[in-house]
Every structure is written in structure tokens, then in C-alpha cells.
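Ligands are counted one by one from 1 in listed order, and the atoms in each one are counted from 1 as well.
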Amino acid sequence: MAEPTQTAGTATSPTAYGWCAWHQGHSGGVRLMDAFECGSGPGTGRNLFACAPCRETHHLVPLADRP
Ligand SMILES: [Zn+2]
């Protein structure tokens, strides 16, 4: 398990509680996986979060941890 060498001041805390889009339920420790911007106005964007078990199951890499 790789530790990020730099800590950007993002809002995606490892202990964030939110909706996991993979198992369709609330969970702690969700991370932002994808952000969609439909571009047709405010409120149309969607953010996809995944919890730790789903990240392991689906081999997901959080946006913030990608190169
Ligand atoms: Zn999940």
C-alpha cells in the first residue's frame, strides 16, 4: 500500500463519510474516484465516491492518488 509522498490540501479526507457509488450505500472512508461535469449549468455535476472495501475489490485508485 503506497503512501502519497505529498499531501495536497484537498477536501477528500481519508475519514470522509459519504455515499459509495459502487455498493450503493453510505460508508466511512470514502474517496473521490471520478468527477463528472455535465457543463449545462450548476448542480449538474456528479462526484463518484468509493469506500475502502470497494476500492480493494475493484482495484480503484482515488483521483488524488493518481500520477
Ligand atoms: Zn463501497
Side-chain angles (χ1 to χ4, degrees):
M1 183 159 169
E3 290 284 336
T5 54
Q6 57 187 14
T7 51
T10 61
T12 53
S13 153
T15 56
Y17 186 85
W19 178 265
C20 174
W22 272 258
H23 77 259
Q24 296 287 300
H26 286 102
S27 181
V30 295
R31 296 290 303 274
L32 181 63
M33 293 297 128
D34 265 310
F36 297 101
E37 294 185 26
C38 298
S40 58
T44 55
R46 286 185 303 153
N47 292 332
L48 279 183
F49 291 87
C51 65
C54 287
R55 291 202 304 273
E56 290 210 5
T57 300
H58 302 284
H59 302 287
L60 303 169
V61 180
L63 271 182
D65 293 350
R66 290 175 197 170

Pro62 backbone acceptor or donor facing Arg55 side chain under 3.5 Å: no
Every N, O or S from the protein that is nearer than 2.8 Å to the Zn ion (ligand 1): Cys20 SG, His23 ND1, Cys51 SG, Cys54 SG
Over all atoms of both residues, closest heavy-atom pair of Cys51 and Cys20: N-SG, 3.5 Å
Nearest heavy atoms of Ala21 and Leu48, plus distance in Å: CB-CD2, 3.2 Å
Cluster link Val30 to Leu32, ILVMFWY, side chain under 4.5 Å: yes
Side chain to side chain, Trp22 and Leu60, heavy atoms closer than 4.5 Å: yes
Residue pair Asp65 / Arg31, side-chain heavy-atom distance below 4.5 Å: yes
